[in-house]
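Structure record follows, encoded as structure tokens.
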2 protein chains.
Amino acid sequence: MSISERKKKILAAVVDEYIRTAEPVGSKAIAANAGLGCSSATIRNELAELVNMGYLEQPHTSAGRVPTPMGYRMYVNELMERQKLSMEETEEINRRLNQRLQELDDTISDVSRLASQLTNYPALALTTQAAVTIKRFDIIYVDANTFIIVVMLSNNSVKNKLVHLPVSVDQPMMQRLSSLFNSGFTGITEDQITPLLINSTERAADDTMGLTSVIAAFAISVLNEAKIPASFVSGENRLLSQPEFRDPDKAHKLMGYLSGGGYILPPGVTMSGPNEVKVLIGPENVAEELKDSSVIIASYDAGDNTKGLIGVVGPTRMDYSAVAEKLSLLAAGLSQRLGGGEGPPEGIHNKLIIKGDISNE
Amino acid sequence: MSISERKKKILAAVVDEYIRTAEPVGSKAIAANAGLGCSSATIRNELAELVNMGYLEQPHTSAGRVPTPMGYRMYVNELMERQKLSMEETEEINRRLNQRLQELDDTISDVSRLASQLTNYPALALTTQAAVTIKRFDIIYVDANTFIIVVMLSNNSVKNKLVHLPVSVDQPMMQRLSSLFNSGFTGITEDQITPLLINSTERAADDTMGLTSVIAAFAISVLNEAKIPASFVSGENRLLSQPEFRDPDKAHKLMGYLSGGGYILPPGVTMSGPNEVKVLIGPENVAEELKDSSVIIASYDAGDNTKGLIGVVGPTRMDYSAVAEKLSLLAAGLSQRLGGGEGPPEGIHNKLIIKGDISNE
DNA sequence: GTTGGCACTCTTGCCTTACGAGTGCTAATA
DNA sequence: TATTAGCACTCGTAAGGCAAGAGTGCCAAC
């Protein structure tokens with residue numbers, strides 16, 4: 001059964017109103033506000049059919065209607081009006097982005113905090129990284145018992161480690177090690193650092209004190225850490241301002257899941273680019289804890305095969321339009337600043353694609 | 001009016017029971033459990049006096065008694081039995097501490113997470129730093145447009161920054177800058193980096209491209225950041241498992257305060273050392289948001305004038321003994337591992353001093 | 001000083017009732 | 001045929017009343 005234009009308008013009105021008030025929406029309210037010239041009785045007939053079709057439901061016989069996940073899905077895919085952000089909001093985002101963005105690693109917590117502040121929902125930021133290699137290897141001799149390892153990665157982040165030794169080393173040895181590592185350990189991934197390689201380096205450096213393995217261990221740990229997706233959740237407390245989380249148990253469960261670094265992107269679902277925003281509504285989420293929440297995700301490109309995700313979690317009664325818009329802008333801004341992006345973040349407004357699991361446009 | 005031994009026992013029984021059950025404690029329950037050989041009527045008389053003295057209060061006429069902040073204070077200062085941690089708990093703490101402790105900076109989030117996990121309350125960790133200076137300055141030449149600044153601080157943490165230039169620089173220039181900074185910018189605090197110093201360095205290096213100010217800016221920002229106390233809150237969601245925070249508004253308010261990095265140590269109150277644990281009960285806290293919560297704080301010494309704090313926040317009905325014990329152990333372990341400490345963390349058990357604002361032992 | 005007994009207070013849970021919001025249905029209407 | 005007005009019906013919510021139970025305070029006896 002196809003859905004008439006009027007039904008669509010009514011559905012949109014129900015969702016809009018419900019998002020605004022968190023109260024079931026009655027026929028009278030729609031007749032009064034939605035501006036389609038018909039009486040509440042007519043609306044009632046239509047509402048009954050929308051319930052039959054699965055877009056709406058009633059908490060109980062004498063209550064108004066509430067959107068089902070399917071209703072939200074329809075709303076997100078076809079009905080919702082794209083909220084243009086106000087000039088102030090757009091500027092606010094850009095201002096904040098410019099404020100401090102150095103390394104991606106420092107930034108991930110900032111990104112999630114920013115997303116949470118802007119949307120007033122809990123937000124989660126994470127980065128994943130394709131194969132990272134070491135680009136450059138330096139060892140700084142501090143004194144006979146101390147040196148600093150400085151490693152520059154293919155994604156242009158720089159890691160260092162201060163090493164204190166129980167024994168003394170001389171400067172030539174450090175220099176030898178530095179150049180050996182710089183030639184032998186650059187351009188390779190973590191699993192290419194084999195015991196064989198370490199051994200041969202150790203022999204070549206004439207290292208009898210196990211320095212080589214200390215340095216190699218650092219190299220491995222750095223590459224390892226870069227591979228593990230870093231994630232950061234913030235603003236969990238904002239959940240509590242949502243009426244659907246007034247039940248502390250419900251809130252506790254979801255917050256626990258989030259703080260535990262729970263993944264929000266279902267396995268197998270991939271993000272295509274910074275212009276795409278994914279919306280996962282209620283049961284479309286795989287995690288049990290998210291089954292009656294919604295998640296909105298944007299991805300950004302941080303250059304050098306580093307992808308980042310920004311996700312926002314809230315009740316299914318979320319302000320999809322505004323949040324999607326904000327995340328999209330944020331993601332575009334990040335892509336642009338962190339290397340991958342090219343277009344100006346303004347342009348994004350006209351290209352925003354919103355997708356979800358059961359979308360089939 | 002002085003307080004009799006029996007009153008003390010009764011008070012302790014009330015607090016213990018209330019901590020356990022979160023329900024007002026009646027005279028019958030005390031007569032049955034506390035093991036002082038007298039009837040509930042006697043207990044009732046004593047309870048009435050304890051109410052008069054301000055140690056207890058009644059939610060309403062026909063309810064049991066609940067400790068007042070003053071009652072908790074007495075309990076913490078004099079009455080509570082020091083809970084020895086079980087072997088497993090002690091080992092758990094040490095195991096977790098050993099697991100990963102590299103730089104203090106990385107650690108602060110781990111410390112707070114750990115404290116929160118161990119105590120099941122939200123926890124906050126922070127470090128403050130007395131004057132930090134630069135100990136060593138290196139500039140690594142990567143290519144004509146790229147170099148890495150590596151700065152080692154007096155607290156032995158190492159910071160780096162990758163700089164991309166729009167113009168080309170030659171290696172000798174970098175070397176010149178490196179050694180100039182290494183001699184001119186080490187051993188001084190942030191406010192000693194004056195425009196004068198920057199200018200003279202610039203001239204000495206023959207730098208016409210503004211490199212000097214880029215590098216100096218990094219030096220300033222590093223020293224600045226080291227000065228700002230880093231703080232990290234985790235486990236906010238654990239608040240929700242406490243019955244006194246079943247009211248979402250109350251929980252939201254406190255969690256908001258915590259996530260905002262709200263300070264928990266009243267200004268002017270200082271921590272004397274890792275063996276001391278401070279307890280701030282309800283209204284003893286200065287922050288309005290903490291007025292009906294309690295805070296338990298331990299401090300650790302991370303070497304080189306760096307002090308750290310671990311704080312745990314909960315309802316006034318907290319398990320003071322267990323939490324204080326755990327925090328103390330954690331703080332001692334951190335002190336020991338991060339440089340400042342000397343004694344083995346086991347020894348701490350016998351020296352634990354618990355203090356608070358109105359303590360006057 | 002301690003204890004048993006008892007009347008009193010106050011909360012909690014439960015039931016009943018009244019109200020109101022919103023529906024579904026029917027019959028009249030354009 | 002689609003729309004509308006009208007009306008009975010349903011159901012959740014708030015308010016009031018009642019009984020049960022926990023715990024106290026006090027008194028008189030020990």
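Order of the sequence lines fixes the chain letters, A, B, ..., with proteins taken first and strands second; residue numbering starts at 1 for each chain.
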If I take atom CD in residue E46(B) and atom P in nucleotide dG25(D), what distance separates them, rounded to the nearest angstrom? 13 Å
Ionic contact status for E5(A) with K7(A), cut-off 4.0 Å: no
Separation of atom CD in E49(A) from atom P in dT3(D), rounded to whole Å: 10 Å
Would you mind reading off the distance between R6(A) atom CZ and dT4(D) atom C1', rounded to a whole angstrom? 12 Å
I10(A) CD1 to dG22(C) P, straight-line distance once rounded to whole Å: 16 Å
With 3.5 Å as the limit, what N/O pairs link the protein to nucleotides 23-25 of chain C?
unit_1: dT23(C); atom_1: OP1; unit_2: S27(A); atom_2: N; d: 3.2
unit_1: dT23(C); atom_1: OP1; unit_2: R65(A); atom_2: NH1; d: 3.2
unit_1: dT23(C); atom_1: OP2; unit_2: S27(A); atom_2: N; d: 3.3
unit_1: dT23(C); atom_1: OP2; unit_2: S27(A); atom_2: OG; d: 2.7
unit_1: dT23(C); atom_1: O5'; unit_2: R65(A); atom_2: NH1; d: 3.4
unit_1: dG24(C); atom_1: OP1; unit_2: R65(A); atom_2: NH2; d: 3.2
unit_1: dG24(C); atom_1: OP2; unit_2: R65(A); atom_2: NH2; d: 3.1
unit_1: dG24(C); atom_1: N7; unit_2: R44(A); atom_2: NE; d: 3.2
unit_1: dG24(C); atom_1: O6; unit_2: R44(A); atom_2: NH2; d: 3.3

Keeping S116(B) on the side-chain end and S112(B) on the backbone end, is there a donor-acceptor pair under 3.5 Å? no
For dT4(D) and T42(A) - does any side-chain N or O of the residue sit under 4.0 Å from the phosphate oxygens OP1/OP2? yes
Using whole Å, report how far NZ of K7(A) lies from C1' of dA2(D). 12 Å
Does any non-hydrogen side-chain atom of F245(A) lie less than 4.5 Å from one of L254(A)? yes
I want to verify a distance call: between dC10(C), dA5(D), dT2(C), whose nearest atom is closest to the S39(A) side chain? dA5(D)
Round to the nearest Å and state the distance from E23(B) atom CD to dT11(C) atom P. 15 Å
Quick one about Q242(A) and R317(A) (side-chain donor to acceptor, distance below 3.5 Å, no hydrogens or angles considered), yes or no? yes
Can you give me the closest heavy-atom contact between K291(B) and N285(B), atom names plus distance? NZ-O, 2.8 Å
Atom CD1 of I43(B) and atom P of dG4(C) are separated, to the nearest Å, by 12 Å
Rounded to whole Å, the NE2-P distance (H60(A) to dT13(D)) equals 6 Å
Distance-only side-chain donor-acceptor flag, D16(A) / Y75(A), under 3.5 Å: yes
